[in-house]
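Starting from 1, each residue takes its place in the sequence as its number.
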Amino acid sequence: MPLALLALAVGAFGIGTTEFVIMGLLPEVADDLHISIPTAGHLVSAYALGVVIGAPLLAAVTARMRRRALLVSLMALFVAGNALSALAPGYDSLLAARFLSGLPHGAFFGVGAVVATGLVAPERKARSVSLMFLGLTVANIAGVPVATLVGQHLGWRVTFLGVSAIGLAAIASLMLLIPREVTGAPASGLRGELRALKSLPVWLALGTTVAGFGALFSAYSYITPMLTDAAGYAGSSVTLLLALFGVGATIGNLLGGRLADHAMRRTLFAGLISLAAVLALFPVLMRAQWSGALAVVLLGVAAFVAGNPLNLMVMEKATSAPSLASSANQAAFNLANAGGAWIGGLALAAGFGVTSPALAGAALAALGLAVAGAAYAVDRHRATTAPTGRERIIATHVPETTEAGAHH
């Protein structure tokens, strides 16, 4: 694998750290700005809103921009957003800065995935994307806990300055390691990128992302009360247990990348089935501390095994304009975050028990599997009704990795 993937991973590490660290610093921010914790929680929503709006918007308006220059520009916007967060004089300005920080998130991962696959041979595409997202999963193991401790002891503003420094390191890495020859401007332009979103397979892929990762966030959003009220852990142990989720996510990310290069669609189906099974077992696994910790790890593994083929599925189904489709998939991940948390909250509010969000997540994973199955049926139908014999041969006799890639 080329060293250039390290530059993308550094950027992903910074983005993953700033996205999740705010959740652990809400009390400090609330005390400093003299607001309530629920009000401070809107800072999480502001970042997610920035991702949802910025991912397709920035990918569309920069469709003619050279990809290395675009990645550097996106990371510069990331640095500016986090620096402004550190310097924000009040709540409203911090809210705006968090929105700004979220704008480049989806476009960076979307364009970065296109660049990563362009750096390697076709049979290594999924692994190249998994190495970029390795920065995101490692952020959950090391970046977020360390940044949270820094914020708790030195102040939350220092944390955001530190994240800005990570962004500067990512900019230097991108400029030094990403080769110019593989990052030219896309030929399709804005019109071609927008045309990609008219494809039914692209929308089915995005729907699979929303349902499949909504399953993860339905449970993960309420993992703390599950671990404390059901498994019996002390609140002080939750940070370490969340790092275990990062370990599971890292394993699942690398495993999913390797498996998806050999069998894209089967890896997706296996990941969603595993995710549904793990979530369905949560009420049993959360009855003891050791099995509760195991559940957290397994949740990370199953979700990120499915995550890798989901990224490629969207990108390669829009072969003429993958940047916008891939960025839109990042927006879909954040819609899954918000929607999954909302559905899990409904289960709790209905009085179904502290582990009920996991059961709601299992149902969402099953829904994601159904959407993925519908996408497969559409692909099969299109293959058998291709207008020429040559197209039918291409559709039915290519290796599975190429077939899956064409469906992405």
Side-chain angles (χ1 to χ4, degrees), residues 16-17 19-28 30 37-38 40-41 44 136-149 151-152 212-253 274-307 336-365:
T17 300
E19 179 180 16
F20 293 107
V21 73
I22 188 64
M23 300 173 188
L25 294 179
L26 289 182
E28 285 72 22
I37 288 182
V44 178
L136 183 65
T137 59
V138 170
N140 282 283
I141 300 174
V144 173
V146 171
T148 301
L149 288 175
Q152 290 171 345
F213 263 69
L216 166 65
F217 288 110
S218 178
Y220 189 71
S221 300
Y222 305 97
I223 196 70
T224 296
M226 291 189 209
L227 290 169
T228 55
D229 297 350
Y233 279 101
S236 58
S237 304
V238 171
T239 300
L240 177 60
L241 290 164
L242 295 184
L244 287 180
F245 173 82
V247 171
T250 300
I251 295 170
N253 179 51
S274 300
L275 181 58
V278 169
L279 290 170
L281 288 172
F282 253 56
V284 176
L285 294 173
M286 285 294 170
R287 292 177 180 175
Q289 290 189 350
W290 70 269
S291 55
L294 177 63
V296 172
V297 175
L298 292 177
L299 180 63
V301 172
F304 279 82
V305 164
N337 188 338
W342 177 68
I343 291 173
L346 289 179
L348 274 179
F352 293 133
V354 71
T355 58
S356 62
L359 296 179
L364 285 173

**Prompt:** Considering only heavy atoms from C-beta outward, does the side chain of Y222 approach that of D229 to under 4.5 Å?
**Reply:** no
**Complete:** Interatomic distance, CG@L285 vs CH2@W290, rounded to 0.5 Å, equals 7.5 Å
**Request:** Assign the ring pair F217 / F213 to parallel, tilted or perpendicular, where the plane angle (0 to 90°) is split at 30° and 60°.
**Result:** tilted
**Shortest non-hydrogen contact from G300 toward F245** = CA-CE1, 3.5 Å
**Asked** Is any side-chain heavy atom of W342 less than 4.5 Å from a side-chain heavy atom of L346?
**Response** yes
**Request:** Please check if the side chain of S218 supplies one atom and the backbone of G214 the other of a donor-acceptor pair under 3.5 Å.
**Result:** no
**Item:** Inter-residue atom distance T224.OG1 - Y233.OH, 0.5 Å rounding
**Value:** 13.0 Å
**Request:** Identify the heavy atoms of L275 and L216 that sit nearest to each other, and give their distance.
**Result:** CD2-N, 4.5 Å
**Rounded distance (nearest 0.5 Å) linking atom CG of L298 with atom CD1 of I251** = 9.5 Å
**Message:** Please identify which of these residues, L364, L359, L299, meets the side-chain contact (heavy atoms from CB on, under 4.5 Å) condition with L279.
**Reply:** L299
**Asked** What are the two closest non-hydrogen atoms of P357 and A347, and how far apart are they?
**Response** N-CB, 4.2 Å
**Asked** What's the spacing between L294 CG and Q289 CD if we round to 0.5 Å?
**Response** 13.5 Å
**Item:** Side chain Q152, main chain E28, donor-acceptor under 3.5 Å
**Value:** no
**Prompt:** Between CD1 of I223 and OG1 of T355, what distance do you get to the nearest 0.5 Å?
**Reply:** 10.5 Å
**Complete:** From the list V146, T250, L244, side-chain contact (heavy atoms from CB on, under 4.5 Å) partner of I141 resolves to T250
**Prompt:** So which heavy atom on G353 is nearest to which on S356, and how close?
**Reply:** O-OG, 2.6 Å
**Message:** I need the minimum non-hydrogen distance between A215 and A365, along with the two atoms involved.
**Reply:** CB-N, 3.5 Å
**Request:** Identify the two heavy atoms, one from V354 and one from M226, that lie closest to each other, and give their separation to 0.1 Å.
**Result:** O-CG, 3.4 Å
